[in-house]
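In this chain, numbering begins with 1 at the start of the sequence shown.
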Amino acid sequence: MGHASLFGVADLNGDVVAKGAFAAGLAKGGPGAVKMLHQHEGRAPVGVWDEVREDELGLFVRGRIIDWSPEARFARALSRAGAMDGLSIGFRSVRARREGRLRVLVEVDLWEVSLVTFPMLPGARFRPERDYGSTRQELSQAGT
């Protein structure tokens, strides 16, 4: 588990997510509608998100890397080794406003949360929580 987005924090591209931006989209689809990818590669999901919700910090996610493809096994190995601990969101902006150089995302349609090497939002992190044999690996809150 970890935070894939942090409210009020600008990413390296100048996007800032406002509190509540994910609420409408998550209410429609729930965690099952949000895919777990590796490096935003849509051809092969690497696991499932069991929990996707807004909390006081941002977009909280908890999921499992599943041993069902070479991509998933690679993502699991990278995260186990500590070589990959970033999270990044794939979304469509529904409503946004400009504040100087920043784009404030007021409402977004969340498509996926990827496990990435270099997150656009440096504070969006996870760490492996447990290893359940060769079939899955849960992700736990980074920094706690």
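To the nearest 0.5 Å, atom CG of residue L12 and atom CE of residue M120 are 6.0 Å apart. Taking CH2 of W49 as the start and CE of M36 as the end, the distance is 4.0 Å to the nearest 0.5 Å. Between atom CD of residue E54 and atom NE2 of residue H3 there is a gap of 10.0 Å, rounded to the nearest 0.5 Å. The CG atom of L6 sits 9.5 Å away from atom CG of L59, with the distance rounded to the nearest 0.5 Å.
Note on residues 108-120: pairs passing side chain to side chain donor-acceptor pair (under 3.5 Å), not counting sequence neighbours, are Q39-T117, H40-E112, H40-S114, D109-W111, E112-S114. Within the structure, side chain to side chain donor-acceptor pair (under 3.5 Å) pairs that include any residue of residues 5-32 comprise D15-R103 (at least two apart or interchain). Sorted by first and then second residue, the salt bridge (charged side-chain N to carboxylate O under 4.0 Å, His left out) pairs involving residues 35-48 (not counting sequence neighbours) are E41-R43, R43-E71.
Between S69 and P45, the shortest heavy-atom distance links the atoms OG-O, 4.3 Å. Taking each heavy atom of G42 and L37 in turn, the nearest pair found is CA-CD1, 3.9 Å. In terms of heavy atoms, A124 sits closest to A4 at CB-O, 3.6 Å. Contact detail for V48 and W68: the closest heavy-atom pair is CG1-CH2, 4.0 Å. Of all non-hydrogen atoms in V108 and F91, the two that sit nearest each other are CG1-CD1, 3.8 Å. Considering every non-hydrogen atom in both L87 and P119, the closest pair reads O-CB, 3.3 Å.
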**Request:** Could you walk me through whether S79 and F126 pass the side chain to side chain contact (heavy atoms under 4.5 Å, CB included) test, one step at a time?
**Result:** CA-CA 9 Å; S79 66; F126 74 91; 3.7 Å; yes
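Both I65 and F74 belong to a common hydrophobic cluster when Ile, Leu, Val, Met, Phe, Trp and Tyr are linked at side-chain heavy-atom distances under 4.5 angstrom. Follow the hydrophobic side-chain contacts under 4.5 Å out from V104 and you never reach L121; the two are in separate clusters. By the rule that hydrophobic residues join a cluster once side-chain heavy atoms approach within less than 4.5 Å of another member, V113 and V16 end up as members of separate clusters. Placement of L102 and V9 in two distinct hydrophobic clusters is found when ILVMFWY residues are connected by side-chain heavy-atom separations under 4.5 Å, directly or transitively.
You'll find the side chain of L110 reaches within 4.5 Å of the side chain of I89, heavy atoms only. Side chains of S88 and V116 form a contact here, defined as non-hydrogen atoms less than 4.5 Å apart. Within the 4.5 Å cutoff, the side chain of M84 has heavy atoms near those of the H38 side chain. Between E51 and V61, every side-chain heavy-atom pair lies at or beyond the 4.5 Å cut-off. For the pair V17 and F22, the minimum side-chain heavy-atom distance is below 4.5 Å. Between V94 and L105 there is no side-chain heavy-atom pair separated by less than 4.5 Å.
Here E99 pairs with R97 under the salt bridge (charged side-chain N to carboxylate O under 4.0 Å, His left out) rule; sequence neighbours left out. Looking at residues two or more places apart in sequence or on another chain, you find a salt bridge (charged side-chain N to carboxylate O under 4.0 Å, His left out) between E107 and R95.
Salt-bridge annotation for D85 and R125: present, with a side-chain N of the basic residue lying under 4.0 Å from a carboxylate O of the acidic one.
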